[in-house]
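As structure tokens, the structure follows; a few thoughts come after it.
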Amino acid sequence: MNGLLRGFRSPEARIGLAVVVVVLGAGLLAPLLAPHSPYAQTSGTFLPPSATHWLGTDEYGRDLFSRVLYGIRQDLLVGAVAVPIGAVAGTVLGLLSTVWGWLDTVIQRLFDVTLAFTSLVMGVTVAAVIGPGLPAVLITVGLVNVPLFGRLTRNAVKSLQTRDYVTAARIVGVRPVRLLFRHLLPNALDALVVQAALSLSLAVFIEGAMSFVGIGVRPPEPSLGSLLRTSITFLDRSPLYALAPMVVVTALVLAFNLIGDGLTKGLLRR
Amino acid sequence: MTLLQARDLVTTFHTAGGPVEAVRDVSFDLDAGETLALVGESGSGKSVTALSLLNMVRPPGRIERGEVLLDGRDLLKLGEAEMRTVRGGELSMIFQDPVSSLNPLLKVRAQLTEAVLAHRRMPRRAAEQRAVELMTRVGIPDPEARLSDHPLAFSGGMAQRVMIAMALAGEPKVIIADEPTTALDVTIQAQILELLAELNRENGTAVILITHNLGIVARLCQRVAVMYKGEIVEQGTTDEIFTAPRHTYTKELLAATPSLRRPRPPMPAPEKPEPLLEVRELTKSYRSRGRTLQAVAGVSFEVGRGETVGLVGESGCGKSTIAKLVLGIEEPTSGHISYGGSPVTGLRGAAQRAYNSRVQLVFQNPMSSLNPRMTVGQAIGEPLRVRGSDTSRVAELLELVGLPASAAGRYPHEFSGGQRQRIVIARALAVEPELIVCDEAVAALDVSLQAQIIALLRDLQARLGLSYLFIGHDLASVRDVSARMLVMYLGEIVESGPSDEVTATPLHPYAASLLSSVPEPDPQVERERERIVLRGEVPTPLDPPPGCRFHTRCPIGPLARPGRTICRTDKPPLLQVSPGRAAACHFPGELKEDSCAH
């Protein structure tokens, strides 16, 4: 059986996938599931949980449950747009650096520079340049992922290049481009898929962190990070306010990590 | 007196695909001081049997039933704590890969004294003294100093000696040796086998030797148990098994084992072959950290059309480097390679592809030489597709190597090692080459499969008029395929000539010792044989000895005959000694193994 498939069937990955499907499904279907508009203000501020407001209301009397559901959508967007773009850019750069030696040096030093920034510092830098907001989050997540995928691709391809079957392909006359896409990249894919799971977890984390410090998604737009940020101010009056977004962020990060672990296990076991 | 008894042992692996019985009702007796061989091909259950004896089978494997009686005590009923005193105490084990069986971070002293202390309480000082004794016992020179080395500072042969010393620490009654020499070169293998025989003779240690090599069995063992698909299909004294095998599998195994004494099949030897590949004064050096490693040092030879030339040598002698140079995968440091009259060096792009459509390579390890993500049909079709040829030839190629056309739709992992090697050969044939370089092409296969692949190569040669450069370390299998043979030592060719003549009457002392090191699958011969066992190890090519490179180990060189200083100072050129035969030795033909005649 294929290693990745075996990985997806491991208990860790199954649990992770279940959580991801539930949480992201809820975000995706927010317009249908949310009992209220996430922006509709009422006079009842800081209401405790009730039948109409499952998680209570916030400082403007908005329904917290609905805001959390809509908040998930930001992470959905970051995961579905920024991670793939970063992954593709990184993979392409990684591949290019295996072709020419001089380009390798240039690209690797660029990666060194990007890796030297921790993700939050990178976020601050991006926000300083283009201003805070969702675009800053998207760009940051993309940028952070480029060297991660780049290094991984480069190292995987470099080690695959010495395999007998690659040598065999070369001496039966396979040209470099076909060699890359037919022999090297497909065999490097396993590692990239594992990284993708971990990158999604990182994306949720970065969105949360950037919005929490106020350079990401900004109120009144709901996002898991911005909800957390606002809730801190009212921690003494309404402890539940912070709890819901926190639980969702943790669950998502944990779930993606579990999937990554499960995949790694499946690939390692022979 | 019976020392160890296995009774109806059954070990099953509970895998996801259902239970697999790896050991089925295995029973045998081992007398004190006896040497018993467990013989069989890979997957026959030899190693699992050994682990079962020690009650060391790991999940998903489980010993289902049976007993292992050591002096009447059932080991399988002992608790883990008791069992620990037995393991490495009365019953010791040594493994195939000595280097990975030692902890790389601990000095040998620590590991050896630990083994001593595990079985007997004594002061640390005394234990270290005992470690020195053990190192001396297994023939490690300068034991005191070597105890302070880390395992990585030991060569494969020396590391295996350390493993044996550790196994001896508890003064075992039985040593179980699982393929103890498979990872070693032939001349080093001869040394280790000699050591095991000596321990058996002098200390009366019983040995259970697990091996697939019948030559080793003939040399070392008194009794043989033949395993096949988890069962012992036949057991008896070594003479019985070799002279009158009863089970069909045993017969097949004996017939497949290459022997230097068996007449080899007739070989097409073109009278005056048209030279296809010509190699002149080839050298290849690698630089690393300011040091130069000369892998190939001035090698000349040619391969004629329709001819098979064998290239024999131990690991590190430069034979695989020659394969890479000939294929144009690497560029030589100096010297010339020409093919069909035109130079091969410095080819790129289209010229390289054109050259490789005439010269192809078959690798040692059929597991790693196929892309796991491509079906067999895609792998064989690829050379056709990149040339714009008709991919419908895939079925024809599969048939040519003896595989069904339906194989095309399956993935490499669905095939056994021998079948994969056939696929690799089919892929090489797809470009319709004239010369195929076989780099240890059968070394990773079981003997019965080796024989099949060799037969296939020979058959293809007859049908397609192919030429082969057959590189290997196993003299017997190289002799079986090649009309001419080159023997290499430390980057140089030391002898060349017709294969049967070189193996019958070697001229160079290294060739003679190499031949003498190869165990014959015939207990009669092995008993009467006087062997030349080379001392020491192959010197590193980073710092080859001056003069004749072999003089540091040569049985007729300055070591044995102090007057022969010429070997230390002058490099002997490869000179013709008799028609068609050449040797690079100042005293060619002097060293002979008496019983080495046909």
Side-chain angles (χ1 to χ4, degrees), chain A residues 1-14 91 95 98-101 152-153 156-194 262-270, chain B residues 15-17 60 323-324 326-330 347 349-374 378-389 411-413 420 423-433 436-437 439-440 444:
Chain A
M1 189 166 56
N2 182 310
L4 277 182
L5 208 65
R6 196 166 46 213
F8 274 122
R9 288 186 182 174
S10 67
E12 296 95 322
R14 281 171 195 243
T91 307
L95 285 179
T98 61
V99 180
W100 296 285
L152 200 64
T153 308
V157 168
K158 284 250 173 194
S159 81
L160 288 170
Q161 271 172 339
T162 61
R163 296 283 169 96
D164 282 346
Y165 62 80
V166 177
T167 310
R170 263 196 311 183
I171 61 176
V172 296
V174 175
R175 284 155 209 261
V177 176
R178 186 183 161 89
L179 198 69
L180 207 57
F181 288 103
R182 202 75 183 83
H183 293 272
L184 296 170
L185 200 54
N187 285 293
L189 214 60
D190 289 348
L192 294 178
V193 172
V194 174
L263 291 179
T264 314
K265 253 195 198 164
L267 290 171
L268 287 180
R269 208 178 66 205
R270 292 255 156 223
Chain B
T15 65
K324 287 185 203 148
V326 165
L327 279 151
I329 299 171
E330 290 192 15
L347 297 182
Q352 172 77 48
R353 282 194 290 275
Y355 173 59
N356 283 141
S357 68
R358 304 171 75 184
V359 182
Q360 275 296 313
L361 175 65
V362 173
F363 297 82
Q364 167 169 7
N365 189 349
M367 304 295 164
S368 66
S369 48
L370 288 166
N371 185 339
R373 303 269 165 136
M374 282 169 91
Q378 288 169 334
I380 299 175
E382 186 166 51
L384 301 170
R385 198 170 301 118
V386 297
R387 279 181 172 67
S389 333
Y411 283 90
H413 69 90
R420 288 200 214 188
I423 297 165
V424 172
I425 293 171
R427 178 179 57 191
L429 290 175
V431 306
E432 299 180 52
I436 297 184
V437 178
D439 187 4
E440 295 274 18

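Residue numbers start from 1 in every chain, and the chains themselves are labelled A, B, ... in the order their sequence lines are given, proteins ahead of strands. Scope of the values below: all heavy atoms of this structure, side chains included, with no hydrogens, waters or symmetry mates.
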Residue pair B/Arg353 / A/Gly173: nearest heavy atoms and the distance that separates them = CD-O, 3.2 Å
query = Looking only at heavy atoms, which two atoms of A/Ala168 and B/Ser369 are closest? And how far apart?
reply = CB-O, 4.3 Å
Side chain, backbone, both or neither of A/Arg178 within contact of chain B (heavy atoms, under 4.5 Å) = side chain
To the nearest 0.5 Å, what is the distance between [atom1] ([X]) and [atom2] ([Y])?
X: A/Arg170; Y: B/Leu327; atom1: CZ; atom2: CG; value: 11.0 Å
X: A/Ile171; Y: B/Arg427; atom1: CD1; atom2: CZ; value: 8.0 Å
X: A/Arg182; Y: B/Arg373; atom1: CZ; atom2: CZ; value: 11.0 Å

ask   = Would you say the side-chain atoms of B/Arg387 pair up with the backbone N or O of A/Val172, donor to acceptor, closer than 3.5 Å?
value = yes
query = Side chain, backbone, both or neither: which part of B/Leu370 has an atom under 4.5 Å from a heavy atom of chain A?
reply = backbone
key: Leading residue by heavy atom contact count with chain A [cutoff under 4.5 Å; candidates B/Ser357, B/Ala350, B/Pro372]   = B/Pro372
Options B/Arg385, B/Gln364, B/Gln360, B/Gln378, ranked by heavy-atom pairs under 4.5 Å with chain A, top entry = B/Gln360
ask   = Passes side chain to side chain contact (heavy atoms under 4.5 Å, CB included), B/Glu382 versus A/Val174? Steps please.
value = CA-CA 8 Å; B/Glu382 186 166 51; A/Val174 175; 3.5 Å; yes
task = Please identify each residue that fulfils salt bridge (charged side-chain N to carboxylate O under 4.0 Å, His left out) with A/Arg163, with sequence neighbours left out.
result = none
